[in-house]
Asker: 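Encoded as structure tokens, here's the structure I'll be asking about.
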Amino acid sequence: MKITMIGTGYVGLVTGTCFAEFGHHVTCVDKLSEKIDLLLQGEIPIYEPGLDGLVAKNTQQGRLSFTTDLAEAVASAEAVFIAVGTPTSRRGDGYADLTYIYEASKEIAPFLEGYTVIVDKSTVPVGTARQVARVIKEVNPEANFDVASNPEFLREGAAINDFMRPDRVVIGVESDRAEAILRAIYQPLYLQENPIVKTSIETAELTKYAANAFLATKISFINEMALLCDAIGADVVALAKGIGMDGRIGPKFLHPGPGFGGSCFPKDTMALMRIAQENGESLRIVEAAIEANGAQKAKMVKKIRDMLGGSEAGKTIAVLGLTFKPETDDMRDSPSITIIPALLEKGAVIRAHDPQGMEEARRLLPDTIVYTENSYEACTGADAVVVMTEWNQYRALDLERLGSLMKQKIFIDLRNVYQPDLVREQGFKYAGVGRS
Ligand code: UDX
């Protein structure tokens, strides 16, 4: 099968590479020549574990190529996937910005040859696939194509495994021909008996938002439970185990933290709320999950302040982890982007470390932050250390060494990776989230 992937971001590059690994012939196209140049030199513009090896292997074996030339890539393809960004609109109203989707649709239209399925891979509001079809027809009334929706459910940092071993593949199609092509593309997964869920196009588009909104709600729920645990002296980790072992609830996505971030949950929950409002409905649970997430970040600032005795002014805080989760360099909507400036505004001095995110953090965060080579250097002279992101390298810090480097032994574990008693035994004042 010949596939063209438009967009070489987290979704496009992982999906295109994994399709090539399945045995398909994939051409990845991006407008940004800097990105394509990097990929042609064998370099990967993003950090995603395992991706570099797979890109190298499939490029060498001739199944994966990169280009800025849309014309040739589109003409020869049986399926064209659109995997460009759909960020929150710059108007700040929560709508998804579909500029790149429509631009891509217009650009591919003149080059379509023979029957082609145009697949929306990006997360897009309900009805977008039909708009894509309209745009293509306007530009090229002769084009022979169907549109389809095939949302991704990849977690950054675990994207390749998620792609190769998905819980399900959702395809929204309205023609047998498009369905046959999509089923053929995912045929290699049949060996693992991964179910394909076939739906209407609109249902597929909505399924993606509903999945992310549900997961985000689960996180906001456990975050609120954690706050209640803090208030009444209960332990949220045990509580999460206690409810998660009920098969109807499930143990995943019940880890409290400083709030959810990343490229999906914050923007998709907002966009879903707008989709509902536009259709005369309200999603009060999703709205509450969004609001609780904002509050969670603010409460983490208060937690840090309280641990510092009521004021962060003049105090040095070591922040370990800046990205929204480990194993990614992605800083989009990371809780650190809200929490750190709030601490700086009240006069704190921030020393920070992150294994992958510091370059992007320098662009996004105030330049008064001191970035360090490692976690111990970050903690040197600090009044408190905050574990913001649960990178593996922060999970087993040498607490004795840490304590000897710090001005005050205050440990704030916003990801609950440490056992409170063990940290306290080392003479630290400890706070987790919901573990008072
Ligand atoms: C998410 C979805 O999981 C994926 O299916 C979708 O396609 C894209 O969005 P991703 O954003 O990469 O993936 O990461 P995920 O692991 O879901 O975490 C999202 C955020 O929730 C992170 O900030 C993470 O720290 C937080 N989180 C997750 C929690 O706070 N607690 C949890 O229990 C799980």
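Quick note: numbers below take in every heavy atom, side chains included, and nothing from hydrogens, waters or symmetry partners. Just so it is clear, the model here is predicted, and its values are computed rather than measured. Numbers here are sequence positions counted from 1. Order of listing sets the numbers, starting from 1, for every ligand and every atom in it.
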Asker: Cation-pi between Arg362 and Tyr371: NZ/CZ under 6.0 Å from ring centre and within 45° of the ring axis?
Answerer: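 Yes, Arg362 sits over the ring of Tyr371.
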Asker: Measure the distance from atom 17 (O) of ligand 1 to every protein heavy atom, then report the residue, atom name and distance (to 0.1 Å) of the closest one.
Answerer: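 Minimum-distance protein heavy atom for atom 17 (O) of ligand 1 reads Phe253 CZ, 3.2 Å.
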Asker: Treating Ser334 as the side-chain partner and Ile337 as the backbone partner, does any N or O pair qualify as donor plus acceptor under 3.5 Å?
Answerer: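 Not a single qualifying donor-acceptor pair exists.
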Asker: Report yes or no: is the cationic atom of Lys218 (NZ for Lys, CZ for Arg) under 6.0 Å from the centre of the six-membered ring of Phe253, at an angle within 45° of the ring normal?
Answerer: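 Pair Lys218/Phe253 does not count as cation-pi.
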Asker: Under 4.0 Å from a heavy atom of Cys264: which atoms of ligand 1 are those, numbered in the order shown and with their elements?
Answerer: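 The list of qualifying atoms is 8 (C), 9 (O).
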Asker: If you measure from the Lys or Arg side-chain nitrogens to the Asp or Glu carboxylate oxygens, is any gap between Arg332 and Glu360 under 4.0 Å?
Answerer: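 Salt bridge flag = no for Glu360 with Arg332.
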Asker: Is there a nitrogen or oxygen of Arg155 sitting under 3.5 Å from a nitrogen or oxygen of ligand 1?
Answerer: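 No, there is no polar N/O contact under 3.5 Å.
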Asker: Return the residue, atom name and 0.1 Å-rounded distance of the protein heavy atom closest to atom 32 (C) of ligand 1.
Answerer: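 Heavy-atom neighbour on the protein nearest atom 32 (C) of ligand 1: His255 O, 3.6 Å.
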Asker: Do any N or O atoms from the side chain of Asp120 and from the backbone of Ser122 form a donor-acceptor pair under 3.5 angstrom?
Answerer: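 Such a contact is absent between Asp120 side chain and Ser122 backbone.
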Asker: What about Phe153: any of its N or O atoms under 3.5 Å from an N or O on ligand 1?
Answerer: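 Yes: some nitrogen or oxygen of Phe153 is under 3.5 Å from one in ligand 1.
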Asker: Phe260 heavy atoms, cut-off 4.0 Å: which ligand 1 atoms fall inside?
Answerer: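 So the atoms of ligand 1 that pass are 20 (C), 21 (O), 23 (O).
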Asker: For Ser263 and ligand 1, does the shortest N/O to N/O distance drop below 3.5 Å?
Answerer: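 There is no such contact.
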Asker: Check each atom of ligand 1 against the heavy atoms of Leu154 and keep those under 4.0 Å away; list them by number with element.
Answerer: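 Within the 4.0 Å cut-off of Leu154, ligand 1 contributes 4 (C), 6 (C), 7 (O), 8 (C), 13 (O).
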Asker: Pick one of side chain, backbone, both or neither for how Asn223 approaches ligand 1, counting any non-hydrogen atom pair under 4.0 Å.
Answerer: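 No part of Asn223 comes within reach of ligand 1.
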Asker: Is a donor from one side chain sitting under 3.5 angstrom from an acceptor on the other, for Glu377 and Thr372?
Answerer: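 Absent: no donor and acceptor within the cut-off.
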Asker: Considering only the protein, which heavy-atom contact is closest to atom 15 (P) of ligand 1, and what is its distance?
Answerer: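 Residue, atom and distance for the closest contact: Lys325 NZ, 3.6 Å.
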Asker: Is the closest N or O pair between Phe324 and ligand 1 shorter than 3.5 Å?
Answerer: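 Right, the criterion is met.
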Asker: For atom 1 (C) of ligand 1, what is the nearest protein heavy atom, given as residue, atom name and distance?
Answerer: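 Among all protein heavy atoms, the one nearest atom 1 (C) of ligand 1 is Phe265 CE2, 3.6 Å.
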Asker: Can you list the atoms of ligand 1 that are under 4.0 Å from a heavy atom of Arg415?
Answerer: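 In order of number, 25 (O).
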Asker: So is Arg168 actually on top of Phe153's ring, under 6.0 Å and inside 45° of the axis?
Answerer: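 Yes, cation above the ring, under 6.0 Å and within 45°.
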Asker: Could you walk me through whether Thr217 and Ser220 pass side chain to side chain donor-acceptor pair (under 3.5 Å), step by step?
Answerer: CA-CA 5 Å; Thr217 304; Ser220 277; over 6 Å; no
Asker: Has Lys208 got any heavy atom lying under 4.0 angstrom from an atom of ligand 1?
Answerer: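 The answer is yes, since Lys208 has a heavy atom less than 4.0 Å from ligand 1.
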Asker: Suppose we measure from atom 27 (N) of ligand 1 to each protein heavy atom; which comes out shortest, and what is that distance?
Answerer: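 Heavy-atom neighbour on the protein nearest atom 27 (N) of ligand 1: Ile219 CD1, 3.4 Å.
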Asker: Distance under 4.0 Å to a non-hydrogen atom of Glu152: what atoms of ligand 1 satisfy this?
Answerer: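 Listed by number with element, the hits are 7 (O).
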Asker: Can an N or O of Gly261 be found at a distance shorter than 3.5 Å from an N or O of ligand 1?
Answerer: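 Gly261 vs ligand 1: N/O contact under 3.5 Å present.
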Asker: Working to the nearest 0.5 angstrom, can you tell me the gap between Leu227 CG and Met300 CE?
Answerer: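 Going from the CG atom of Leu227 to the CE atom of Met300 covers 5.5 Å.
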Asker: Please test Asp383 against Gln408 for side chain to side chain donor-acceptor pair (under 3.5 Å), starting from the C-alpha separation and ending with a verdict.
Answerer: CA-CA 4 Å; Asp383 292 279; Gln408 291 192 68; 2.9 Å; yes
Asker: Report the nearest protein non-hydrogen atom to atom 12 (O) of ligand 1: residue, atom name, distance rounded to 0.1 Å.
Answerer: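 Ranking protein heavy atoms by distance from atom 12 (O) of ligand 1, first comes Glu156 N, 2.6 Å.
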Asker: Assess whether a salt bridge exists between Asp330 and Lys325, defined as any Lys/Arg side-chain N lying under 4.0 Å from an Asp/Glu carboxylate O.
Answerer: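 Looking at Lys325 together with Asp330, the answer is no, because their closest N to O distance does not fall below 4.0 Å.
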